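Take a look at the structure set out below.
Hydrogens, waters and symmetry mates are skipped; everything else that's a heavy atom, side chains included, is used. To find a chain, count down the sequence lines: A is the first, B the second, and so on, and within it residues start at 1. Nothing here was measured: the structure is a model prediction, and the numbers come from that model.
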Number of protein chains: 2
Amino acid sequence: MRPSLHEPPTPLAERLAHSGLRNTPQRELIYRALLEKRDHPTADEVYSRVRAEMPSISLATVYNCLETLVQCDLVRQVNFERGPARYCPNLHPHAHFHDEKSGATHDIELPADVLERIRALLPPGYSARAIEITFHGQMPAAQPTQSAA
Amino acid sequence: MRPSLHEPPTPLAERLAHSGLRNTPQRELIYRALLEKRDHPTADEVYSRVRAEMPSISLATVYNCLETLVQCDLVRQVNFERGPARYCPNLHPHAHFHDEKSGATHDIELPADVLERIRALLPPGYSARAIEITFHGQMPAAQPTQSAA
DNA sequence: AGCGGGAATTGGAATAATTCCAAAGAAAGA
DNA sequence: TCTTTCTTTGGAATTATTCCAATTCCCGCT
């Protein structure tokens, strides 16, 4: 049967196939978990989130799948100084702001012209596959949302 | 006796004193080691370099001293994805280029105006204590230096 | 010189995050 | 169906770093 009738290929399935890899329930699940809550979770955090739905999954598999997703360019791995790696499904060029108080992380859009300016700093002959930009600092205290309470 | 006659206060001694810390042979030695070979060594590498001169020093002390130097703003800690931390005595604003072939690291000068452009990406209210920029890529194969050989 | 107290160093144990490994399980192709 | 290859899994191993308790050092004061 034509699988496309029942299961339109997800971007995930396509990317995997493109690399000669298989789509698996674990990979799907982990990718969906990342898309669902985009707060830059660690591998451990992903582990506990997906276990709700698939209690038998192992931490090693979480590491494996995350690595696979990174290989397929579906997910970015983000490293803050010394801490555990974090994962991010935002594929637009962006920097990260790391709040030193709360530990929270926010994406900062990175306009093409600024990125270009940065890339232009490289001496001739140097070529950059990836440019990582991280801000460390404080963000304004979250305004108490004007709610009815 | 006036110590300044014999021992003009080094920048290190000053910075330490400023933070209420003491200058010690270990701190001096480690700081000198960093200045001497600015190839962004890891703590382990620093350890083996300084042991040549002070065989009794311990790895824990190397970690302690490096941390102290970072606190005093005499040294920057540089983290590449997952690898051991590296240390850098260059205090000018600069980015790092990490060569994925050789693992070598080079400083890339960061002009104030570019830095300003980057800082300007932050939404209002956000303030950044530090901005980290890392290039990952390849540098040109080292040209065989035109030597007499 | 001697003393008291805080700071620093030291070795070794402990921790955290990740990777490795070998065995068992699925899936796809011939 | 049989074979091959890719995946997952649990647990052991590794790596980098931090923690800890016991000296040791150094400084100011007397």
Side-chain angles (χ1 to χ4, degrees), chain A residues 1-4 6-7 9 12-13 15-31 33 40-48 50-51 53-72 75 77-87 103, chain B residues 1-3 7 9 12-13 15-31 33 40-48 50-51 53-72 75 77-87 103:
Chain A
M1 68 179 100
R2 288 157 303 177
S4 54
H6 301 285
E7 309 241 2
L12 170 60
R15 290 292 186 99
L16 287 169
H18 182 270
S19 305
L21 302 173
R22 292 173 189 167
N23 194 3
T24 68
Q26 288 88 344
R27 285 170 180 171
E28 290 257 17
L29 178 57
I30 285 169
Y31 185 46
H40 306 82
T42 65
D44 257 340
E45 284 163 353
V46 172
Y47 181 44
S48 59
V50 298
R51 258 199 306 184
E53 184 159 337
M54 185 186 284
S56 64
I57 200 170
S58 82
L59 179 58
T61 300
V62 173
Y63 275 101
N64 288 340
C65 292
L66 287 171
E67 154 122 34
T68 302
L69 295 173
V70 170
Q71 302 293 290
C72 293
V75 165
Q77 190 188 61
V78 184
N79 297 293
F80 296 134
E81 37 190 75
R82 302 291 86 227
R86 298 176 169 277
Y87 298 87
Chain B
M1 69 180 97
R2 289 156 301 176
E7 308 239 4
L12 170 60
R15 290 292 185 99
L16 287 170
H18 181 271
S19 304
L21 301 172
R22 292 177 188 164
N23 193 3
T24 70
Q26 288 87 346
R27 286 171 178 170
E28 290 257 16
L29 178 56
I30 286 171
Y31 185 47
H40 305 84
T42 64
D44 257 341
E45 284 162 352
V46 172
Y47 180 44
S48 60
V50 298
R51 257 198 308 183
E53 183 160 336
M54 185 186 284
S56 64
I57 200 172
S58 82
L59 180 57
T61 299
V62 173
Y63 274 101
N64 288 340
C65 293
L66 287 171
E67 154 122 35
T68 301
L69 294 174
V70 170
Q71 303 292 290
C72 294
V75 165
Q77 190 188 61
V78 183
N79 298 291
F80 296 134
E81 38 190 75
R82 304 293 86 224
R86 297 175 169 277
Y87 297 86

| message | Is there a side-chain contact between A/Gln26 and the phosphate of C/dA26, meaning an N or O under 4.0 Å from OP1 or OP2? | response | no
| query | Within 45° of the ring axis of B/Tyr31 and under 6.0 Å from its six-membered ring centre, is that where the NZ or CZ of B/Arg27 lies? | reply | no
| said: For A/Val62 versus A/Ile30, what's the shortest heavy-atom pair and its separation? | reply: CA-CD1, 3.7 Å
| Minimum-distance pair of heavy atoms, taken over all atoms of B/Ala13 and B/Asn23 | CB-ND2, 3.7 Å
| request: Could you tell me the separation between the CD atom of B/Glu81 and the C1' atom of D/dA16, rounded to a whole number of Å? | output: 16 Å
| message | Donor-acceptor check, side chain of A/Glu45 to backbone of A/Thr42, threshold 3.5 angstrom: yes or no? | response | yes
| query | Looking at A/Ala85 and B/Arg82, what are the two nearest heavy atoms and their distance? | reply | N-NH2, 3.6 Å
| said: Whole angstroms only, please: what is the CG-C1' distance between B/Leu12 and C/dA8? | reply: 14 Å
| message | When you measure from the centre of the six-membered ring of A/Tyr47, is the NZ or CZ of A/Arg51 closer than 6.0 Å and no more than 45° off the axis? | response | yes
| field | Protein-nucleotide distance (A/Glu67, atom CD; D/dC6, atom P), rounded to Å | value | 16 Å
| said: Measure CD/A/Glu28 against P/D/dT8 and give the value in whole Å, please. | reply: 12 Å
| What string of B, S and - do you get for nucleotides 11-18 of chain C 5' to 3' if you count protein non-hydrogen atoms under 4.0 Å? | B-----SB
| Which atom of B/Leu21 lies closest to which atom of B/Cys72, heavy atoms considered | CD1-SG, 4.3 Å
| task | To the nearest Å, give me how far apart CG (B/Asn64) and C1' (D/dA16) are. | result | 15 Å
| request: Name the nucleic acid region contacted by B/Thr24, choosing base, sugar-phosphate or nothing; use a 4.0 angstrom heavy-atom cut-off, strictly under. | output: sugar-phosphate
| field | Euclidean distance, atom CD of residue B/Gln71 to atom P of D/dT18 [Å, nearest integer] | value | 11 Å
Just the atom pairs and distances: protein N or O near nucleotides 25-28 of chain D's N or O, under 3.5 Å.
none

| said: I'd like to know if the side chain of A/Thr68 reaches the main chain of A/Asn64, judged simply by a donor and an acceptor atom lying under 3.5 Å from each other, with no hydrogens or angles considered. | reply: yes
| message | Tell me whether B/Arg86 contacts the main-chain N or O of B/Pro41 through its side chain, where contact means a donor paired with an acceptor under 3.5 Å. | response | no
| In whole Å, what is the span from the CZ atom of B/Arg27 to the C1' atom of C/dT10? | 14 Å
